[in-house]
Amino acid sequence: MAVERASQYSCEDSDLTLDVHRVLWPQLQAAPRLQGIYELEIASSEALYRVERNGVLIDAPTLQQQSHELGQRILQLETEAYEIAGQPFNLGSPKQLGEIFFDKLGLPVIKKTATGARSTDEEVLEKLAEDYPLPAKLLEHRSLSKLKSTYTDKLAGMALPRDGRVHTHYAQAVAVTGRLSSNDPNLQNIPIRTVEGRRVREAFVAPPGHLIASADYSQIELRIMAHLSGDEALLRAFRDGQDVHRATAAEVFGIAPEQVSAEQRRYAKTINFGLIYGMSSFGLAKSLGIETKAAAAYIERYFQRYPGVKRYMDDTRAAAKTQGYVETVFGRRLYLPEINSPNGPRRAGAERAAINAPMQGTAADLIKMSMVQVQQALDAQRPGVRMVMQVHDELVFELPESEADWLREAVPALMAGVATLQVPLVAEVGMGRNWDQAH
DNA sequence: AGGTTAAGCGCG
DNA sequence: AAAGCGCGCTTAACCT
């Protein structure tokens with residue numbers, strides 16, 4: 001019976017795939033630039049198959065130890081929270097939390113969720129923590145619970161007994177921008193931003209005699225913005241190898257790069273990232289904790305200093321409205337059916353996606369090219385080196401110690417050379433016994 | 001028992 | 001009215 005079901009499924013799958021082919025193939029023939037993207041996807045699938053089969057070695061005892069430590073601290077936080085609240089409750093239930101916070105303790109409601117419930121998200125808790133003791137406990141409890149339940153408790157159990165390795169699945173046709181996504185487990189959202197979270201990466205290890213190497217593109221999306229916009233000041237910053245956030249701060253604040261303070265650089269970094277996402281003055285104000293008017297002044301100043309970027313953003317919105325889609329450097333398309341919607345918020349959302357997709361998508365194109373070329377080089381010259389993960393702008397490898405010099409030299413060169421843009425592409429490598437040390 | 005949605009949060 | 005792009009996973013709550 002199982003065989004019959006399998007053969008029926010296989011036949012249906014092939015038949016339906018042929019139906020799809022008959023529809024899509026003529027469309028592909030009519031769109032020359034998309035043929036190149038199609039070829040890239042076919043070539044990438046070969047490299048992805050290899051990465052998935054390789055998997056990455058997980059150090060289970062390290063995770064178990066971390067789970068234990070997290071569990072102790074979480075228990076302690078729960079006791080302290082009950083003490084402050086005057087009663088036990090489920091800290092993991094936003095509903096119960098709302099009742100304790102807003103009904104029992106009378107804390108102010110900062111904002112509502114999409115469905116009208118009183119929000120207790122991180123931003124709200126941060127604000128409330130300024131005046132009350134309980135929110136801070138919740139914030140720590142939330143972050144540690146996340147680490148334990150999603151990572152330290154789960155990962156080791158997902159390693160195959162056969163090889164002690166986790167084999168994620170990469171989806172090649174999920175993210176609309178052309179990025180990969182990773183699932184079961186997702187290895188593209190392993191913590192790194194906090195010191196406690198980073199420790200999870202210590203459990204992504206190399207076998208004895210081997211190393212983990214991480215090679216990542218430097219400032220890839222901003223470089224693509226420079227290329228796409230052709231903005232002179234941004235091009236110059238990258239061509240001269242400047243610290244781009246510092247350079248932006250110098251422009252926006254009208255001072256010399258050496259005079260830029262740490263806070264000014266942080267502002268500029270937020271502005272640079274915000275622009276890639278189509279952020280408004282309202283959003284910039286919120287993330288910098290300043291007045292909307294002040295944020296608007298920074299953005300205006302930015303566009304005065306980088307007029308090419310302003311022109312690019314306007315042109316991209318306009319092109320999206322007339323064509324109904326936007327393209328990456330290599331011709332990958334993102335269709336935007338809501339770009340001319342009469343619904344203001346929906347249309348604005350489509351405009352932000354239109355701004356972002358060419359940059360995010362071009363970065364995705366480039367790292368797929370890198371994966372193809374690097375895998376070909378490994379097969380031809382370095383069969384002992386395995387590519388084991390892709391994290392959007394980063395490739396991770398497991399290598400015999402004897403291959404360290406080769407990899408340090410060859411992989412960034414390949415990654416930088418996959419395409420010639422108006423600015424140089426730069427890739428950096430780190431190595432160590434585990435993924436944390438490789439950064 | 002199993003599926004879905006909401007809220008929340010991890011990453012680039 | 002909404003206000004920052006792209007994802008996947010966990011828990012609670014609710015449903016069949």
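Letters A, B, ... mirror the listed sequences (proteins, then strands); counts begin at 1.
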Checklist entry - Above 12 or not: heavy atoms from other molecules or residues under 6.0 Å from CD of A:Gln242? => result yes
Next on the checklist: Quick check: any donor-acceptor pair below 3.5 Å linking the side-chain of A:Asn189 to the base of B:dG10?
Outcome noted: yes
Checklist entry - Side-chain N or O of A:Lys95 less than 4.0 angstrom from OP1 or OP2 on C:dC14? => result yes
Checklist entry - If the P atom of B:dA7 is compared with that of C:dA2, how far apart are they to the nearest Å? => result 13 Å
Next on the checklist: Can you tell me if A:Ser93 touches the phosphate of C:dA13, counting only side-chain N or O atoms and a distance under 4.0 Å to OP1 or OP2?
Outcome noted: yes
Checklist entry - Looking only at side-chain N and O atoms, does A:Arg193 come under 4.0 Å of OP1 or OP2 in B:dC11? => result yes
Next on the checklist: Strictly below 4.0 Å: does A:Thr120 bring a side-chain N or O up to OP1 or OP2 of B:dG8?
Outcome noted: yes
Checklist outcome for this item: Closest of C:dT11, C:dG8, C:dC7 to the A:Asn186 side chain is C:dG8
Checklist entry - B:dG10, C:dA3, B:dG8: which one has an atom nearest the side-chain heavy atoms of A:Tyr151? => result B:dG10
Next on the checklist: Regarding A:Arg33 and A:Glu327, does a basic nitrogen lie under 4.0 Å from an acidic carboxylate oxygen?
Outcome noted: yes
Checklist entry - Contact class for A:Ser182 (heavy atom, under 4.0 Å): base, sugar-phosphate, or nothing? => result sugar-phosphate
Checklist entry - What does A:Lys286 touch in the nucleic acid at a heavy-atom separation under 4.0 angstrom: a base, only the sugar-phosphate, or nothing? => result nothing
Checklist entry - When all nucleic acid strands are considered with a 4.0 Å heavy-atom cut-off, which category describes A:Ala353: base, sugar-phosphate, or nothing? => result sugar-phosphate
Checklist entry - Cationic tip of A:Arg118 within the cone over A:Phe102's six-membered ring, i.e. under 6.0 Å and within 45° of the normal? => result no
Next on the checklist: Using a 4.0 Å heavy-atom cut-off, does A:Glu122 contact any base of the nucleic acid, only the sugar-phosphate backbone, or nothing at all?
Outcome noted: sugar-phosphate
Checklist entry - Choosing from B:dG8, C:dA1, C:dG6, which nucleotide comes nearest the side chain of A:Arg179? => result C:dG6
Item to check | Nearest to side-chain heavy atoms of A:Asn183, which nucleotide of C:dG6, B:dG8, C:dC9 | outcome: C:dC9
Checklist entry - Nearest-Å distance, CG (A:Leu144) to C1' (B:dG10)? => result 13 Å
Next on the checklist: Of the options C:dG8, B:dA6, C:dG6, whose atoms approach the side-chain atoms of A:Thr177 most closely?
Outcome noted: C:dG6
Next on the checklist: From the set B:dG10, C:dA3, C:dC9, return the single nucleotide nearest to any side-chain atom of A:Arg352.
Outcome noted: C:dA3
Next on the checklist: Within the 4.0 Å heavy-atom criterion, would you say A:Thr292 contacts the bases, only the backbone, or no part of the nucleic acid?
Outcome noted: nothing
Checklist entry - Are A:Glu202 and A:Arg433 within salt-bridge range, i.e. N to O under 4.0 Å? => result no
Next on the checklist: Counting only side-chain heavy atoms from C-beta out, which of C:dC9, C:dA1, B:dA7 sits nearest to A:Pro345?
Outcome noted: C:dA1
Next on the checklist: Using a 4.0 Å heavy-atom cut-off, does A:Arg142 contact any base of the nucleic acid, only the sugar-phosphate backbone, or nothing at all?
Outcome noted: sugar-phosphate
Checklist entry - What is the nucleic acid contact for A:Asn343, judged by heavy atoms within less than 4.0 Å: base, sugar-phosphate only, or nothing? => result nothing
Checklist entry - Does the ring centre of A:Phe253 sit less than 6.0 Å away from the ring centre of A:Tyr298? => result yes
Checklist entry - Has A:Lys154 got a side-chain N or O lying under 4.0 Å from the OP1 or OP2 atom of C:dT10? => result yes
Checklist outcome for this item: Winner on side-chain proximity to A:Arg201, out of C:dA12, C:dC7, B:dC11, is B:dC11
Checklist outcome for this item: Walking DNA chain C from its 5' end, the first of A:Gln96 and A:Ser181 to be reached, judged by nearest nucleotide, is A:Ser181
Next on the checklist: Quick test of your reading of the model: are A:Arg73 and A:Glu140 salt-bridged, counting only N-O distances below 4.0 Å?
Outcome noted: yes
Next on the checklist: Taking any heavy-atom pair under 4.0 Å as a contact, classify A:Ile192: base, sugar-phosphate, or nothing.
Outcome noted: sugar-phosphate
Checklist entry - Counting any heavy atom closer than 4.0 Å, what does A:Gly92 reach on the DNA or RNA strands: base, sugar-phosphate only, or nothing? => result sugar-phosphate
Checklist entry - Does OP1 or OP2 of C:dT10 have a side-chain N or O of A:Ser149 closer than 4.0 Å? => result no
Item to check | Side-chain N,O (A:Thr150) to OP1/OP2 (C:dT10) below 4.0 Å | outcome: no
Next on the checklist: Classify A:Gly283 by what it touches in the nucleic acid, base, sugar-phosphate, or nothing, heavy-atom distance under 4.0 Å.
Outcome noted: sugar-phosphate
Checklist outcome for this item: Atom CD1 of A:Ile224 and atom C1' of C:dC5 are separated, to the nearest Å, by 14 Å
Item to check | Rounded distance in Å - CD (A:Glu291) to C1' (C:dA3) | outcome: 16 Å
Next on the checklist: Between B:dC11 and A:Gln188, counting only base atoms on the nucleotide and side-chain atoms on the residue, is there a donor-acceptor pair under 3.5 Å?
Outcome noted: no
Item to check | Atom-pair distance (CG on A:Leu288; P on C:dA3), nearest Å | outcome: 18 Å
Item to check | Between C1' of B:dA7 and NZ of A:Lys112, the distance in whole Å | outcome: 15 Å
Next on the checklist: Check this for me, if you would: do A:Arg317 and A:Asp314 make a salt bridge, where the nitrogen-to-carboxylate-oxygen distance has to be below 4.0 angstrom?
Outcome noted: yes
